[in-house]
Amino acid sequence: MFSATDHAHMVRALELAERGLFTTTPNPRVGCVVVRDGEVVGEGWHQRAGAPHAEVHALRAAGERARGATAYVSLEPCSHHGRTPPCADALVAAGVGRVVVATADPNPQVSGQGLARLRAAGIGTACGLLDQEARELNIGFVSRHERGRPWVRVKTAASLDGRTALANGASQWITGPAARQDGHRWRARSCAVMIGIGTLKADDPRLSVRDVETTRQPVRIVVDRYLELPLSARILEGGNVLVVAAREDAAKAPLLRQAGAEVLVLPDREGKVDLAQLMRELARRETNEILVESGNRLNGALLRAGLVDELVMYFAPHLLGDLARGMYALGELTALDQRVDLEVRDHKRIGPDLRILARVRSAQA
């Protein structure tokens with residue numbers, strides 16, 4: 001069904017799509033290549049929400065040479081009016097002869113309808129070339145539309161014996177500069193960065209992206225059951241902060257709102273923050289990917305709730321001993337079948353440290 005030439009052009013479309021890794025949220029990362037008579041006549045990629053989509057950029061570059069050409073698109077062309085007109089209509093108007101798509105759009109406003117519109121106009125279509133690669137590139141966008149919640153990554157920095165801080169809370173710095181810079185790349189691609197109140201009080205982080213170039217900053221989320229967030233906390237600088245509590249505080253909440261934070265109250269039956277409801281709410285707000293950079297308590301709570309999809313673990317070549325703090329507070333396990341099963345997806349040296357990417361086996365891309 002697909003030739004080696006088709007494969008090569010779709011690889012290029014995915015490379016173009018990846019250029020929007022840090023910028024397109026909440027939209028998907030999409031690339032497009034227009035080919036006529038074996039020659040690439042136009043390329044494009046989606047740069048940011050509200051800007052022209054990949055197909056529009058590629059068709060503009062191709063001009064009249066798009067007529068009768070083949071367009072390779074890493075995601076099904078949209079068929080609805082959002083912030084921009086439908087890309088399926090743009091392809092029809094340009095007179096392309098064939099459209100090859102990597103994966104269908106999981107958005108129910110589009111799913112299948114973009115391809116149907118092209119076929120109705122007499123354009124040949126094919127879908128599924130490098131489908132898995134395209135879904136992985138937009139794993140949060142896919143998760144939000146198919147599961148109703150964002151894709152959740154938990155990032156930890158630990159010693160080789162799995163310790164993230166000394167017993168007294170000291171943790172800066174366990175890993176080296178290269179690993180910390182790599183961690184900022186995960187922040188930059190995320191729609192939101194989340195921590196618990198314990199980590200905030202211990203480290204007073206800003207949670208901003210600093211070590212990589214980006215045009216946007218993720219939303220910063222603090223899970224703060226009793227609204228203990230100090231008004232002097234650095235995270236409040238510049239706004240774009242969501243504080244999630246388990247109960248309303250008529251005295252503290254207005255002060256936090258005055259400081260520029262949004263306060264959201266989501267209690268569960270035990271009087272804690274309802275993490276599952278929080279994920280549903282974040283999906284409603286078009287949050288695709290969340291990076292959790294917290295301590296073992298919130299990490300463990302998210303794992304126990306079945307809300308963690310992926311682990312980004314940095315291990316530094318030293319030992320901190322059994323009295324130091326661990327990575328995930330899971331409580332006592334009394335049988336091995338209670339363990340969290342992982343699939344290691346990648347391992348890589350980052351400076352002197354080791355980075356392991358592992359996926360919780362119940363997670364689906």
Side-chain angles (χ1 to χ4, degrees), residues 13-31 45-51 53-54 74-75 102-103 106-107 130 132-147 149-157 175 177-195 205-221 235 238 240-242 279 282-283 285-294 299 302 307-314 345-348 350 353 355-360 363-365:
L14 287 167
E15 290 173 350
L16 291 167
E18 195 168 4
R19 294 184 182 182
L21 190 66
F22 300 157
T23 61
T24 63
T25 184
N27 288 0
R29 300 134 184 163
V30 184
W45 54 281
H46 184 43
Q47 299 173 20
R48 63 184 183 280
H53 290 186
S74 62
L75 184 70
T103 191
N107 184 345
L130 299 181
Q132 192 60 32
E133 290 84 350
R135 286 172 64 88
E136 284 286 338
L137 184 59
N138 287 303
I139 197 164
F141 182 80
V142 171
S143 175
R144 173 162 65 87
H145 285 293
E146 292 188 348
R147 305 188 304 172
R149 66 176 181 86
W151 186 261
V152 178
R153 293 186 182 91
V154 173
K155 181 178 79 69
T156 53
T175 53
R180 296 198 295 274
Q181 183 178 30
D182 188 68
H184 275 263
R185 291 183 58 83
W186 292 102
R187 274 189 195 177
R189 69 173 288 168
S190 302
C191 301
V193 182
M194 179 186 295
I195 60 170
R206 289 189 177 91
L207 291 188
S208 56
V209 179
R210 297 183 299 278
D211 288 349
V212 298
E213 185 176 347
T214 181
T215 58
R216 51 166 288 276
Q217 291 288 338
V219 176
R220 296 168 292 172
I221 303 172
I235 201 171
N240 203 29
V241 176
L242 175 63
M279 294 304 165
L282 291 172
R285 297 180 182 212
E286 298 187 314
T287 305
N288 294 333
E289 299 178 20
I290 297 176
L291 184 66
V292 180
E293 298 193 36
S294 199
N299 293 348
L302 289 165
L307 296 172
V308 176
D309 300 304
E310 198 165 31
L311 304 177
V312 182
M313 299 176 285
Y314 298 91
R345 301 291 293 249
D346 182 61
H347 53 86
K348 181 180 181 180
I350 307 288
D353 305 316
R355 186 192 72 189
I356 295 177
L357 303 182
R359 193 161 288 178
V360 178
Q364 297 295 321

With a 4.5 Å heavy-atom cut-off, do [X] and [Y] have their side chains touching?
| X | Y | answer |
| --- | --- | --- |
| Val154 | Val312 | no |
| Asn299 | Thr156 | yes |
| Ile290 | Met279 | yes |
| Ile221 | Leu282 | yes |
| Leu207 | Gln217 | no |
| Thr287 | Val219 | no |
| Thr103 | Leu75 | yes |
| Val292 | Ile195 | no |

**OP:** Decide yes or no on side chain to side chain contact (heavy atoms under 4.5 Å, CB included) for Arg216 and Asn240, but give the supporting numbers first.
**Re:** CA-CA 11 Å; Arg216 51 166 288 276; Asn240 203 29; over 6 Å; no

Rounded to the nearest 0.5 Å, what's the gap from [atom1] on [X] to [atom2] on [Y]? Could you check?
| X | Y | atom1 | atom2 | value |
| --- | --- | --- | --- | --- |
| Ile350 | Asp182 | CD1 | CG | 4.5 Å |
| Cys191 | Phe141 | SG | CZ | 11.0 Å |
| His53 | Thr24 | NE2 | OG1 | 9.5 Å |
| His184 | Thr214 | NE2 | OG1 | 12.0 Å |
| Tyr314 | Ile356 | OH | CD1 | 12.0 Å |
| Arg359 | Leu311 | CZ | CG | 10.5 Å |

Original post:
Are Ser208 and Arg206 linked by a side-chain donor-acceptor pair shorter than 3.5 Å?
Top reply: no

**OP:** Establish, from distance only, whether the side-chain atoms of Arg144 and Asn288 form a donor-acceptor pair under 3.5 Å.
**Re:** yes

Do [Y] and [X] meet the salt-bridge criterion of a basic N to acidic O distance under 4.0 Å?
| X | Y | answer |
| --- | --- | --- |
| Glu310 | Lys155 | no |
| Arg29 | Glu133 | no |
| Glu146 | Arg135 | yes |
| Glu293 | Arg187 | yes |
| Asp346 | Arg355 | yes |
| Glu289 | Arg149 | no |

What is the minimum heavy-atom distance between [X] and [Y], and which atoms define it?
| X | Y | answer |
| --- | --- | --- |
| Trp186 | Arg153 | CZ3-NE, 3.3 Å |
| Leu14 | Ser74 | CD2-CB, 3.7 Å |
| Trp151 | Gly140 | CB-CA, 3.8 Å |
| Pro218 | Val193 | CG-CG2, 3.6 Å |
| Pro106 | Val142 | CG-CA, 3.9 Å |

Original post:
Checking Asp309 side chain against Val152 main chain: does a donor-acceptor pair fall under 3.5 Å?
Top reply: yes

Original post:
salt bridge (charged side-chain N to carboxylate O under 4.0 Å, His left out) between Arg189 and Glu18: does it pass, once the steps are laid out?
Top reply: CA-CA 10 Å; Arg189 69 173 288 168; Glu18 195 168 4; over 6 Å; no

Original post:
Who passes salt bridge (charged side-chain N to carboxylate O under 4.0 Å, His left out) against Arg180, sequence neighbours left out?
Top reply: none

Subject >> CZ (Arg285) with more than 12 external heavy atoms under 6.0 Å >> reply: yes

